[in-house]
Amino acid sequence: PGTQEALALNPRMKVLVAGGMFDSFLPCAAGDEIERQLPPNLRQSVSFKCYVGGHAMYEDAPTRSEFSRDVKALINGAK
């Protein structure tokens, strides 16, 4: 609900949901399923990305670099 409220206030906002392949909190398969069930108005603003690793996938240097590139792309795309 909070994401829907935020997007209603700022429809140009983009959201990146990052998960680790071995994350027990938000496994990639769960993120894929959530993404498929999003209403169209949210699907265009919310993206899910699966990274190699667990919940703290950013502890792995190559994954951290990939995550950093994705966050920068998200920010630059919003400008």
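Numbering starts at 1 and runs along the sequence shown. Just so we're clear, the structure is a prediction, and the values are computed from it rather than from any experiment.
Legend: residues meeting side chain to side chain contact (heavy atoms under 4.5 Å, CB included) with Ser68, ordered by chain and number and at least two apart, are Lys72. Residues satisfying the side chain to side chain contact (heavy atoms under 4.5 Å, CB included) criterion with Pro11, sequence neighbours excluded, are absent altogether. Remark: Glu33 pairs with Arg36 by the salt bridge (charged side-chain N to carboxylate O under 4.0 Å, His left out) rule, at least two apart or across chains. By the side chain to side chain contact (heavy atoms under 4.5 Å, CB included) test, Val52 pairs with Met21, Thr63, sequence neighbours left out. Every side chain to side chain contact (heavy atoms under 4.5 Å, CB included) that Ala30 has, sequence neighbours left out, goes to Leu26, Pro27.
The distance from atom CD of Gln37 to atom CG of Asp32, rounded to the nearest 0.5 Å, is 11.5 Å. Distance check, rounded to the nearest 0.5 Å: CD of Glu35 to CG of Leu42 gives 11.5 Å.
Evaluation of the ring-ring contact (aromatic ring centres under 6.0 Å, His included) test over residues 19-49, restricted to residues two or more places apart or in two chains, returns Phe25-His55. Screening residues 3-61 for disulfide (SG to SG under 2.5 Å) gives Cys28-Cys50 as the qualifying pairs, with residues at least two apart or on separate chains. Applying the salt bridge (Lys or Arg N to Asp or Glu O under 4.0 Å) rule to pairs touching residues 19-31 yields nothing, sequence neighbours excluded. Residue pairs meeting the salt bridge (Lys or Arg N to Asp or Glu O under 4.0 Å) criterion with at least one member in residues 57-69, sequence neighbours excluded: Lys49-Glu66.
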Between Ile34 and Val17, does the side chain to side chain contact (heavy atoms under 4.5 Å, CB included) criterion hold? Intermediate values first, please.
CA-CA 11 Å; Ile34 293 168; Val17 180; over 6 Å; no
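The shortest non-hydrogen separation linking Gln44 to Lys14 is O-NZ, 3.2 Å.
With Ser45 as the partner, the side chain to side chain contact (heavy atoms under 4.5 Å, CB included) test is satisfied by one option alone out of Leu38, Val15, Leu7, Asn10: Leu7.
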